[in-house]
Asker: 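Provided herewith is a single structure, encoded as structure tokens, for subsequent inquiry.
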Amino acid sequence: MDYTRHHLPPPTRRLSTEGGPVIDRTIPLLPPALEIDEHNFFDNSDPPEYLEDLIKETEEFVKFHNGRRIALVTSGGTTVPLENQTVRFIDNFSAGTRGATSAEYFLENNYAVIFLHRQFSLQPYSRHYSHATNCFLDYMEEQDGKVVVGPKYQAEMISVLRKYQAAKDKNLLLLLPFTTIVQYLHTLRAVSEALQPAGCRALFYLAAAVSDFFVPPSRISEHKIQSKAGGNQLKMDLDPVPKFLTRLVDKWAPSAMIISFKLETDSTILLSKAHQALERYSHQLVIGNLLQTRKYEVVFVEPNSPEFWIRLSDRQAKDQVEVESLIIPAVIERHNAWIKKSDEMAKDS
Ligand code: 9Z3
């Protein structure tokens, strides 16, 4: 298998994280979280103070879309604060491209979408104009004392605007924010439970880049760490973040179809890690991707099926086809089968 195949020249501005492995990913995976780990984590960390509002919004959204398929898309990186009154934090590279782009293709396929995203990361539709090399003002010009969109941007912008407004008018997109790993996990659990009435019509598409390590509340400094506190070095012990996927599959969303992503930088371990995750959590699909090639290819790892690669052809890459436009139809095909199987099992029982 040629993992290193690039269909396009590498991006001109490469991220500093693109290169050799940063941590030893060859060590065995952490054991899945048990009920006791769930209690320890959630009872000893504060939920975000706005969580009740998000739960209410989610419950109303789920009620409104009774009978429709709902995709919960997680997107962007999670931060790990080093102080309670946070001046410094650890972050990761994810801008939320995979999540925001995938959300658009779900919407185009008549799904309602709950977009659980890192605040200020890319969002469906606006992503075409935010975080771009162009400043948004570059799209505008002045005509007879009015601001208008420049002629060369009209066609694309009207198409994006129409899709955005259609999603808004039909109340198809619910935006829920998080910033820290603790906020993310509290919100994921609460939203999963609020989604239970959607049963097998709910699809979890967990594309957020979730921190593996954090400073637990019991050890976090309340105030800004002083520069002289540890001499000339800052040494901190981070704890592993419990692997809650197993709780999600078994307890928080037992009827939904669940898809997780596996990210690696070392091509030689991607497939084994994806298989391990599938065995460990017994969910329906792991989508494996490498940091370096994630925009061009991914691999589906699922029970009782051969690995299934989705790759942009050279032509597609040149034409800037988004790999998510190929991923989402393949995901939906599997969700169709999941719903069919779940409906048949419900009939039989
Ligand atoms: C992914 O693998 C996503 O595809 C990316 C998307 C984060 C690579 P971008 O935001 O990147 O488009 O720039 N997400 C999952 C990453 C993750 O944290 N997975 C965990 C792991 O690999 C398992 S849940 O251990």
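Note that ligands are numbered from 1 as they come in the structure, with each ligand's atoms numbered from 1 the same way. Given the structure is predicted, the values throughout are model-derived calculations rather than measurements. Along the sequence shown, residues carry numbers from 1. Just the heavy atoms: all of them, side chains too, but no hydrogens, waters or symmetry mates, feed the values below.
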Asker: Side chain, backbone, both or neither: which part of Ser121 has a heavy atom under 4.0 Å from ligand 1?
Answerer: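 None of Ser121 does.
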Asker: Out of Val210, Thr78, Asn289, whose heavy atom sits nearest atom 2 (O) of ligand 1?
Answerer: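 Looking at heavy atoms only, the winner is Asn289.
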Asker: Taking distance alone, with N or O pairs closer than 3.5 Å, would you say Gly96 contacts ligand 1?
Answerer: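 The answer is yes, given that Gly96 and ligand 1 share an N or O pair closer than 3.5 Å.
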Asker: With no hydrogens and no angle check, do the side chains of Arg69 and Asn336 hold a donor and an acceptor under 3.5 Å apart?
Answerer: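 Short answer, yes.
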Asker: Can you tell which part of Ser94 has a heavy atom less than 4.0 Å from ligand 1: side chain, backbone, both or neither?
Answerer: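 For Ser94, backbone and side-chain atoms both sit under 4.0 Å from ligand 1.
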Asker: In terms of atom number and element, which parts of ligand 1 are under 4.0 angstrom from non-hydrogen atoms of Thr97?
Answerer: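 Going through ligand 1 atom by atom, the ones under 4.0 Å from Thr97 are 9 (P), 10 (O), 12 (O).
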Asker: With distance as the sole criterion, is a donor-acceptor pair present between the side chains of Thr179 and Thr79 under 3.5 Å?
Answerer: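 No.
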Asker: Does some side-chain heavy atom of Leu172 sit less than 4.5 Å from a side-chain heavy atom of Val113?
Answerer: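 Not touching, per the 4.5 Å side-chain cut-off.
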Asker: Please check whether Leu263 reaches ligand 1 - meaning an N/O of the residue sits under 3.5 Å from an N/O of the ligand, judged on distance alone.
Answerer: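 The answer is yes, given that Leu263 and ligand 1 share an N or O pair closer than 3.5 Å.
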Asker: Filter on ring-ring contact (aromatic ring centres under 6.0 Å, His included), then keep only pairs touching residues 324-349, sequence neighbours left out; what's left?
Answerer: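 Checked against ring-ring contact (aromatic ring centres under 6.0 Å, His included) - neighbours excluded - the pairs reaching residues 324-349 are Tyr111-His335.
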Asker: Between Arg219 and Asp239, is there a side-chain N and carboxylate O pair less than 4.0 Å apart?
Answerer: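 Counted as a salt bridge, because a side-chain N and a carboxylate O are separated by less than 4.0 Å.
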Asker: Determine whether Ile55 and Phe42 fall in the same hydrophobic cluster, where Ile, Leu, Val, Met, Phe, Trp and Tyr are linked whenever their side-chain heavy atoms lie under 4.5 Å apart.
Answerer: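 No, Ile55 and Phe42 fall in different hydrophobic clusters.
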Asker: Quick one: does Ser260 get a heavy atom under 4.0 Å from ligand 1?
Answerer: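 Heavy atoms of Ser260 never come under 4.0 Å of ligand 1.
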Asker: With atoms numbered from 1 as shown, which atoms in ligand 1 lie under 4.0 angstrom from a non-hydrogen atom of Ala95?
Answerer: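 Answer, ordered by atom number: 10 (O), 13 (O).
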Asker: Closer than 4.0 Å to some heavy atom of Phe93 - which atoms of ligand 1 meet that?
Answerer: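 With Phe93 as reference, the close atoms of ligand 1 come out as 7 (C), 8 (C), 11 (O), 13 (O).
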Asker: Below 4.0 angstrom from a heavy atom of Ala209, which ligand 1 atoms are there? Numbered from 1 as shown, please.
Answerer: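 The list of qualifying atoms is 7 (C), 16 (C), 18 (O).
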Asker: Heavy-atom distances under 4.0 Å decide this one: backbone, side chain, both or neither, for Arg294 against ligand 1?
Answerer: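 The answer is the side chain.
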Asker: Ligand 1 and Phe261, any nitrogen or oxygen pair closer than 3.5 angstrom?
Answerer: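 N/O-N/O distance under 3.5 Å: yes.
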Asker: Verify whether the ring centers belonging to Tyr205 and Tyr105 lie closer than 6.0 Å.
Answerer: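 So the answer is no for these two rings.
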Asker: Below 4.0 Å from ligand 1: does a non-hydrogen atom of Ala208 turn up there or not?
Answerer: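 In this structure, Ala208 qualifies as a contact of ligand 1 - some heavy atom is under 4.0 Å.
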Asker: Is Asp212 close to ligand 1, meaning an N/O of one under 3.5 Å from an N/O of the other?
Answerer: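 So ligand 1 has no N or O lying under 3.5 Å from an N or O of Asp212.
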Asker: Which pairs count as ring-ring contact (aromatic ring centres under 6.0 Å, His included) when at least one residue sits in residues 142-175, sequence neighbours excluded?
Answerer: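 Of all non-adjacent pairs touching residues 142-175, those that pass ring-ring contact (aromatic ring centres under 6.0 Å, His included) are Tyr139-Tyr153.
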Asker: With a cut-off of 6.0 Å (strictly less than), are more than 12 heavy atoms of other residues, nucleotides or ligands near CG of Asp348?
Answerer: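 More than 12 within 6.0 Å, yes.
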